[in-house]
Amino acid sequence: EGTGVAMGRVAVNTVVSGSAGGLSALVFERLLIRGKSNHWSLVTALHGCLTGLVAICAGADAVYSYGAFFTGLVAGVVYVTMTRVVLKARVDDPVDAVAVHLGGGFWGVLAVPFFDSEQGLFHQWNRKSLLLLGWNLCGVVVIGLWTAAVSGILFGAVYAFNLLRVPKEVEIRGLDYDRHGELAYSTDSHSVLSAPRRRTSYHSTARSVSMGDLTGSHTRYQKSHPVTFINKMASLDLKDDNEDAVSSV
């Protein structure tokens, strides 16, 4: 095959796998996880697409289009499953990097020995295809150990100098405002601004915050600056922490 043919296969397989990942993540979460929910999650679909794109990287030029489709299909399920495992483990991963990149990458490397167009297990069940699976498993382990070791050293050094985390009020306000002087996400465009007065929650804390608690009234909330809103959230959360500390004593 010439370079042009290989590039064409890579382009097609990348699109197919990403699309299949978004579709399977969307359907899997909607039907099996959310149960009776009436909503389809756009965020889940986008993350499923990303996981499918990550997964096909290992074999974009080595599999047929149907192999790319099934690689993405499984990747979407891997994303939905792994993101919930991360939440259960109480790991702080607001952008789902573990589920998308670790989960998608792990599955993608293992998918190649099954779907490889020349010596995959679904094409040739022989010693060579089994060796390919074994080497890819070994590669996953080695890459994981290398990444854990290097990351442990780097982040351990940062932690030793107390540079790994910012103060809690900065976490709640967001680094976009504290470090860059602007908001990455405008609260003016959030749907909760036009909703009737009700309780909502923000991801940085488990406590639900009433819109009335933050602003006194929905009307004044709509007119307030978004920075005022996030500062009030931070002050409420810090107040809760202080009360919990006093009560525990």
Side-chain angles (χ1 to χ4, degrees), residues 14 16-59 67-115 136-137 139-141 143-148 151-152 155 159 164-166 168 171-172 174-176 184-185 190-192 195 198-209 233 237 240-241:
T14 300
V16 169
S17 181
S19 302
L23 179 64
S24 65
L26 187 67
V27 173
F28 184 66
E29 190 208 38
R30 174 67 173 82
L31 299 181
L32 301 182
I33 303 297
R34 290 196 170 196
K36 298 181 179 179
S37 172
N38 294 322
H39 303 287
W40 297 88
S41 173
L42 176 61
V43 173
T44 297
L46 294 176
H47 281 142
C49 287
L50 287 174
T51 310
L53 294 173
V54 170
I56 198 58
C57 285
F69 176 78
F70 284 107
T71 297
L73 211 62
V74 175
V77 176
V78 168
Y79 163 73
V80 174
T81 303
M82 197 160 186
T83 191
R84 277 154 180 78
V85 171
V86 171
L87 287 173
K88 290 287 186 182
R90 300 180 65 83
V91 175
D92 186 13
D93 184 20
V95 296
D96 278 335
V98 173
V100 171
H101 296 281
L102 177 61
F106 184 87
W107 159 242
V109 173
L110 296 184
V112 175
F114 292 96
F115 297 110
N136 279 35
L137 277 170
V140 166
V141 173
I143 292 171
L145 291 175
W146 169 261
T147 304
S151 299
F155 289 111
Y159 179 78
L164 189 60
R165 297 190 69 167
V166 295
K168 187 164 186 177
E171 288 184 358
I172 297 170
L175 287 172
D176 48 350
Y185 305 98
H190 198 276
S191 60
V192 76
R198 60 185 180 183
R199 298 187 68 83
T200 186
S201 62
Y202 52 99
H203 75 276
S204 298
T205 177
R207 178 180 184 270
S208 293
V209 181
M233 285 200 300
D237 191 65
D240 286 348
D241 287 346

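None of these values were measured; they are calculated from a predicted model.
In this structure the side chain of Thr71 never reaches within 4.5 angstrom of the side chain of Phe114, judged on heavy atoms. The side-chain heavy atoms of Leu145 and Val141, taken from C-beta on, include a pair separated by under 4.5 Å. Here the side chains of Leu50 and Tyr79 are not in contact, with every heavy-atom distance at 4.5 Å or above.
Between the CG atom in Leu23 and the CG atom in Leu73 there is a gap of 7.0 Å [rounded to 0.5 Å]. One distance of note links CG of Leu53 with NE2 of His101; it measures 10.0 Å at 0.5 Å rounding. Atom OG1 of Thr81 sits about 11.0 Å away from atom CD of Glu29, to the nearest 0.5 Å. To the nearest 0.5 Å, atom CG of residue Asp96 and atom CG of residue Leu87 are 7.0 Å apart. In this structure, CZ in Phe155 is found 5.5 Å from OG in Ser151, a value given to the nearest 0.5 Å.
Minimum interatomic distance between Ala75 and Ala55 (heavy atoms only, all atoms of both residues): CB-CB, 3.9 Å. Minimum heavy-atom separation, Leu110 to Val140: CD2-CG2, 4.3 Å. For the pair Gly52 and Ser17, the tightest heavy-atom approach, listed with the atom from each and the gap, is O-OG, 2.8 Å. Considering every non-hydrogen atom in both Leu164 and Tyr159, the closest pair reads CD2-CD1, 3.8 Å.
Ring geometry for Phe115 versus Trp107: interplanar angle over 60°, hence perpendicular rather than tilted (30 to 60°).
Distance alone, capped at 3.5 Å, places no donor-acceptor pair between the Thr83 side chain and the Val80 backbone. Side chain of Thr51 to backbone of Gly76: no donor-acceptor contact under 3.5 angstrom is found. In this structure, Asp93 contributes its side chain and Ala97 its backbone to a donor-acceptor pair below 3.5 Å.
By the ring pair (Phe, Tyr, Trp, His ring centres under 6.0 Å) test, Phe106 is found to be paired with no residue, residues two or more places apart in sequence or in another chain being considered. Remark: Ser19 pairs with no residue by the side chain to side chain donor-acceptor pair (under 3.5 Å) rule, at least two apart or across chains.
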